[in-house]
A.B. asks: 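Supplied in structure tokens, the structure appears directly below.
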Amino acid sequence: MKSAWLAGCCCAAGCVTGSYERGSVDEPIVDSRLADLQVGTDDLGSCLRALGAPHRVFEVAVGPDLESGMALLWVWRAESGFGVQVSVSARDLSASWSGDFAGADLPGCMLWFGTDLRLEGWRRGQLGELLAGRRRRPAPSLGD
Amino acid sequence: MLRRRRRSLSLLLLPALGACAIARQDTNEPLDPAVVASFEPGRTTAREVVEKLGAPTEVVQLGKRTAYRYDATTAKTAVLFLLVFNLANQDSRTDRVWLFFDERDVLSHYGTWWGTHRAQYAMPWEDVHEPRDNELRDAKRPGVLR
């Protein structure tokens with residue numbers, strides 16, 4: 001009973017506040033649109049018409065001669081969850097702590113194109129998985 | 001007895017007398033779909049694109065090709081403060097245009113995504129991706145065709 005009173009007093013004094021938050025970033029690419037894509041048949045133009053503009057475009061190495069292809073990335077977010085914030089203030093000191101239980105996933109999909117701009121493959125997953133192993137263009141040196 | 005009940009009810013409703021807040025954050029100006037629709041693959045040059053849209057947000061080198069990115073973002077936030085419990089929602093949408101140029105700097109492909117007009121002030125339990133909502137908002141923005 002005492003702990004319940006203590007918790008009540010903390011809440012009333014603004015020491016502890018709870019929250020329910022949701023955040024959405026853009027709209028997900030529906031599975032059926034991805035499933036309709038034909039590897040080797042669809043090209044850059046048809047994929048842009050089907051999925052709209054991507055968030056990012058990257059250069060990727062394709063073929064045995066490591067020629068320049070490209071990868072297009074779409075990402076979105078729709079997460080919700082509860083959170084709690086604890087604040088303590090005494091004399092000249094104040095401290096606060098906050099945490100939330102919303103997911104931090106960033107789902108997305110990536111499409112790869114060869115030098116002829118034909119679709120070579122696509123994949124759906126989390127952003128970290130999709131960007132793993134991505135080729136970065138080296139910074140130019142002064143001698144170039 | 002009735003007075004006591006009313007008092008209890010008033011106390012229960014007290015947390016609901018909190019406050020609401022809304023906020024909007026825009027990054028870049030929304031792009032004009034009519035201007036983008038005027039670009040013709042095979043004819044429009046990178047120079048003409050830059051004259052109409054200004055400097056791109058990003059330029060990506062793709063071997064001999066290049067790609068220009070133009071974008072704008074609108075984020076709408078709604079918060080309901082209930083003293084000890086708060087409800088919040090943020091809906092962020094983007095306009096995106098990617099233009100792909102060949103080795104002669106002539107437009108070969110482009111892709112668009114129009115979303116800033118679809119951002120909504122909402123509570124966390126509301127669905128901000130309802131097709132009917134999107135259709136109504138698309139109809140009010142000239143040049144947006146999905």
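Order of the sequence lines sets the chain letters (A, B, ...), proteins ahead of strands, with each chain counted from 1. Hydrogens, waters and symmetry mates are skipped; everything else that's a heavy atom, side chains included, is used.
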A.B. asks: Is V60(B) in contact with chain A via its backbone, its side chain, both, or neither, using a 4.5 Å heavy-atom distance?
C.D. replies: side chain
A.B. asks: Between chain A and each of P124(B), A119(B), G111(B), count heavy-atom pairs under 4.5 Å; write down the option with the most.
C.D. replies: P124(B)
A.B. asks: Is it the backbone or the side chain of P54(A) that comes under 4.5 Å from a heavy atom of chain B, or both, or neither?
C.D. replies: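 Interface part for P54(A): both.
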A.B. asks: Please list, chain by chain and in numerical order, all residues satisfying side chain to side chain contact (heavy atoms under 4.5 Å, CB included) with T44(B), sequence neighbours excluded.
C.D. replies: F39(B), E40(B), E48(B), V49(B), L107(B)
A.B. asks: Quick check: does any side chain N or O of N86(B) sit under 3.5 Å from a backbone N or O of T17(A), one acting as donor and the other as acceptor?
C.D. replies: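 Flag not set: sc N86(B) to bb T17(A) has no pair under 3.5 Å.
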A.B. asks: Could you grab the distance from atom CG of N89(B) to atom OG of S24(A), nearest 0.5 Å is fine?
C.D. replies: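 Between atom CG of N89(B) and atom OG of S24(A) there are 6.0 Å.
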A.B. asks: Are L34(A) and L72(A) connected, step by step, through hydrophobic side chains (Ile, Leu, Val, Met, Phe, Trp, Tyr) whose heavy atoms are closer than 4.5 Å?
C.D. replies: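 Yes, it is one cluster - the side chains of L34(A) and L72(A) are joined through contacts under 4.5 Å.
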A.B. asks: Please say yes or no: joined through hydrophobic side-chain contacts below 4.5 Å, possibly via intermediate residues, are W125(B) and F85(B) part of one cluster?
C.D. replies: yes
A.B. asks: Chain A heavy atoms under 4.5 Å from N134(B): which part of the residue, side chain, backbone, both or neither?
C.D. replies: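 Only the side chain of N134(B) comes within 4.5 Å of chain A.
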A.B. asks: Kindly give the heavy-atom pair with the smallest separation between R96(B) and A53(A), and that separation in Å.
C.D. replies: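 Here R96(B) and A53(A) meet closest at NH2-O, 2.7 Å.
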A.B. asks: Going through the distances and angles, do V25(A) and S92(B) end up as a side-chain contact (heavy atoms from CB on, under 4.5 Å)?
C.D. replies: CA-CA 5 Å; V25(A) 176; S92(B) 177; 4.3 Å; yes
A.B. asks: So what's closer than 4.5 Å to chain A heavy atoms on T112(B): side chain, backbone, both or neither?
C.D. replies: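 When you check distances to chain A, only backbone atoms of T112(B) fall under 4.5 Å.
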A.B. asks: Looking at G52(A) and W113(B), what are the two nearest heavy atoms and their distance?
C.D. replies: CA-CE3, 4.2 Å
A.B. asks: Rounded to the nearest 0.5 Å, how far does CD of E21(A) lie from OG1 of T77(B)?
C.D. replies: 10.0 Å
A.B. asks: Taking atom CH2 of W98(B) and atom CG of L48(A), what is their separation to the nearest 0.5 Å?
C.D. replies: 11.0 Å
A.B. asks: Highest number of heavy-atom pairs under 4.5 Å with chain B: which of T115(A), V57(A), L51(A), V84(A)?
C.D. replies: V57(A)
A.B. asks: Sort by residue number and list every member of residues 35-44 of chain A having a non-hydrogen atom under 4.5 Å from chain B.
C.D. replies: L44(A)
A.B. asks: Which atoms of R49(A) are under 4.5 Å from chain B, going by heavy atoms: the side chain, the backbone, both sets, or neither?
C.D. replies: neither
A.B. asks: Between NE2 of H55(A) and CZ of R69(B), what distance do you get to the nearest 0.5 Å?
C.D. replies: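 Output value for this atom pair is 9.5 Å.
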A.B. asks: Taking the side chain as every heavy atom from C-beta outward, state whether H129(B) and P28(A) have any pair of such atoms under 4.5 Å apart.
C.D. replies: yes
A.B. asks: Looking at Q25(B), I'd like to know if its CD atom is crowded, meaning that more than 12 non-hydrogen atoms belonging to other residues, nucleotides or ligands lie closer than 6.0 Å.
C.D. replies: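 No, CD of Q25(B) has 12 or fewer neighbouring heavy atoms, counting only those of other groups under 6.0 Å.
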A.B. asks: How long is the straight-line distance from CZ of R22(A) back to CG of D91(B), given to the nearest 0.5 Å?
C.D. replies: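 Answer rounded to 0.5 Å: 7.5 Å.
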A.B. asks: Counting only heavy atoms not in E51(B), do more than 12 sit closer than 6.0 Å to its CD atom?
C.D. replies: yes
A.B. asks: Linking I/L/V/M/F/W/Y whenever any side-chain heavy atoms sit under 4.5 Å apart, do F100(B) and V106(B) land together?
C.D. replies: no
A.B. asks: Relative to chain A, which segment of Y110(B) carries a heavy atom at a distance below 4.5 Å: side chain, backbone, both, or neither?
C.D. replies: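 Only the backbone of Y110(B) comes within 4.5 Å of chain A.
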A.B. asks: Are Y121(B) and M123(B) in one and the same hydrophobic cluster, where Ile, Leu, Val, Met, Phe, Trp and Tyr link if side-chain heavy atoms are under 4.5 Å apart?
C.D. replies: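 Shared cluster, no.
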A.B. asks: Just so I understand: if I count every heavy-atom pair under 4.5 Å between each of T94(B), D95(B), T73(B), D71(B) and chain A, which residue has the most?
C.D. replies: T94(B)
A.B. asks: If Ile, Leu, Val, Met, Phe, Trp and Tyr residues are connected whenever their side-chain heavy atoms lie under 4.5 Å apart, and connections chain through other members, are V128(B) and V75(A) in the same group?
C.D. replies: no
A.B. asks: Please report the interatomic distance CZ(R65(B)) to CE(M70(A)), rounded to the nearest 0.5 Å.
C.D. replies: 5.5 Å
